[in-house]
Structure formats: C-alpha cells, structure tokens
Amino acid sequence: QRQMCIRDRKSTMKFLNESLALMNTLSAQSTAEDRANAWGKYKAEFSPLANSSREDFSGLIKVLDATRTSIYNSASNTIGSSISITLSIVVIVFIVAIILSIIVIANIVKPLEKLKASFETIEKTSNLTLRTDIHSSDELGVVSQSFDSLLSKFHETLKEVVEIVGSLDNASTQLAGSSETTSDHIN
C-alpha cells in the first residue's frame with residue numbers, strides 16, 4: 001500500500017509538471033499550428049499518463065475502502081468482545097453477591113433459629129439450667145450471653161426462694177409444734 005501511494009504520487013506529479021510545462025509553452029501569441037502540436041503531444045504523451053493516474057487513484061480508493069472496512073470490522077470485534085467481557089464480569093459479580101448474601105443470611109438466621117429453639121425448650125421444660133450455647137462476638141452472641149446470664153441469675157434467685165420457703169416451712173412446722181405443745185400445757 002505504501003509503495004502504491006509513492007508510485008501514484010510520482011505518477012501524478014509527473015503528469016502535473018509535464019502538463020504545466022506544456023501549458024507554459026503556449027501563450028496568447030501561439031499559432032494554430034503550435035496549439036495543434038501541443039494537443040497532439042498531450043494526446044500522445046499525457047493521455048496515457050492521465051489514464052494511468054486515474055487507474056492509480058481508483059486502486060488507491062479501493063485500498064482505502066478495504067482499509068476502512070478492515071478498521072470497522074476490527075473495531076466492531078473489539079467492541080463486541082468488550083461487551084462480552086463486561087457482561088461476564090457483571091454476571092460473576094452478581095453471582096458472588098448472591099453467594100455472599102446467602103452466607104451472611106445463613107450466619108444470621110442459624111444463630112437466631114438456635115436461640116429460638118433454646119427459648120422454646122426452656123419454655124416447654126421450665127428447665128432454667130439450659131443455656132443457648134451461642135458463643136460469638138457479634139450482636140446475637142452478646143444477646144445470647146446476656147440471656148444465659150439472666151437465666152443463671154433467675155435460677156439462683158429461684159433456688160434462694162425455694163431455700164427460704166423451705167426454711168419458712170420448717171419454721172412454720174416448728175411453730176405449729178410449739179403451739180400444740182403450748183396449747184396442750186395450757187389445757
């Protein structure tokens with residue numbers, strides 16, 4: 001292509017320079033014979049050169065059209081592959097986001113279900129010695145540990161109440177026994 005351009009340029013410049021030189025030989029004072037000789041020289045020497053230049057330009061236009069088509073096709077392919085890559089990345093990011101969402105939800109829901117199951121078991125069995133057994137440093141872990149602590153304190157308080165009730169029962173029994181003894185002595 002480069003050689004074609006160089007050859008076309010040389011051919012065109014030769015045609016133009018020789019045509020200009022021929023024109024410079026003619027003037028207003030040129031005779032009909034001078035003009036006829038110039039016309040004959042033009043037809044003999046310059047017409048083939050002009051035709052060659054036209055053919056060269058036609059070939060150059062074909063080369064430019066082919067180059068333009070090649071560039072267009074290359075750009076289209078590049079754009080198409082860029083779109084494919086972008087869509088692939090978007091799909092991958094979407095899938096990763098879904099997977100991460102599922103993991104995060106599972107890490108929240110599983111401890112909540114365990115906490116709920118512990119609450120239900122404690123409610124059904126009234127066993128205050130049961131614990132949630134969730135040991136994590138997140139919010140659910142803190143809530144679970146606080147609930148376990150509350151259960152421990154509540155259990156200890158109930159044990160104290162049972163002990164006090166037992167003591168009161170013993171005292172009441174002793175008091176009743178004393179009252180009977182006193183009543184028997186009085187009567």
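The basis for the numbers below is simple: all heavy atoms, side chains too, and nothing from hydrogens, waters or symmetry mates. Please read all numbers here as calculations on a predicted model, not as lab measurements.
In this structure, the side chains of T132 and K114 stay at 4.5 Å or more apart for every pair of heavy atoms. In this structure, N37 and E33 have side chains that are in contact, with non-hydrogen atoms separated by less than 4.5 Å.
There is a path of hydrophobic side-chain contacts, each under 4.5 Å, that joins V104 to L140. In the hydrophobic clustering of ILVMFWY residues, with side-chain heavy atoms under 4.5 Å counting as a link, V142 and F147 come out apart. In the hydrophobic clustering of this structure, I102 groups with F94; members are Ile, Leu, Val, Met, Phe, Trp, Tyr whose side-chain heavy atoms approach within less than 4.5 Å, directly or through other members. At a threshold of 4.5 Å between side-chain heavy atoms, the hydrophobic network of Ile, Leu, Val, Met, Phe, Trp and Tyr places V165 and F154 in two separate groups.
The main-chain N or O of Q145 is never found under 3.5 Å from a side-chain atom of S149 such that the two would form a donor-acceptor pair. At distances below 3.5 Å, at least one donor-acceptor pair connects side-chain atoms of S76 with backbone N or O atoms of Y72.
No donor-acceptor contact under 3.5 angstrom links the side chains of R131 and S144, judged on distance only.
Of all the heavy atoms in D138 and S136, the pair that sits closest is OD1-OG, 2.5 Å. Shortest non-hydrogen contact noted between L128 and L158 is CD1-CD1, 3.2 Å. Nearest heavy atoms, T125 versus T121: OG1-O, 2.7 Å.
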| query | Can you list the steps and then say if S58 with K62 is a side chain to side chain contact (heavy atoms under 4.5 Å, CB included)? | reply | CA-CA 6 Å; S58 177; K62 288 178 185 175; 4.1 Å; yes
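Note that CG of D133 is 7.0 Å distant from CG of D148, once rounded to the nearest 0.5 Å. To the nearest 0.5 Å, atom CD1 of residue I95 and atom CG of residue L100 are 12.0 Å apart. Note: K153 NZ to T157 OG1 = 9.0 Å, rounded to the nearest 0.5 Å. In this structure, CD on E139 lies 8.5 Å from CD1 on I108, to the nearest 0.5 angstrom. Going from atom CD1 of I71 over to atom CG of L64 covers 9.5 Å, rounded to the nearest 0.5 Å. Atoms CG and CG, on L112 and N107 in that order, are 11.0 Å from each other to the nearest 0.5 Å.
The 12-atom threshold is exceeded at CZ of F119, counting heavy atoms of other residues, nucleotides or ligands nearer than 6.0 Å. Residue E123 qualifies as open at atom CD: its count of foreign heavy atoms under 6.0 Å is 12 or below.
In this structure, R68 pairs ionically with D65, as a charged nitrogen and a carboxylate oxygen lie closer than 4.0 Å. The residues K159 and E156 are annotated as salt-bridged, a charged nitrogen and a carboxylate oxygen being separated by less than 4.0 angstrom.
Test I89, L87, I83 against I85 for side-chain contact (heavy atoms from CB on, under 4.5 Å) and you get one pass: I89.
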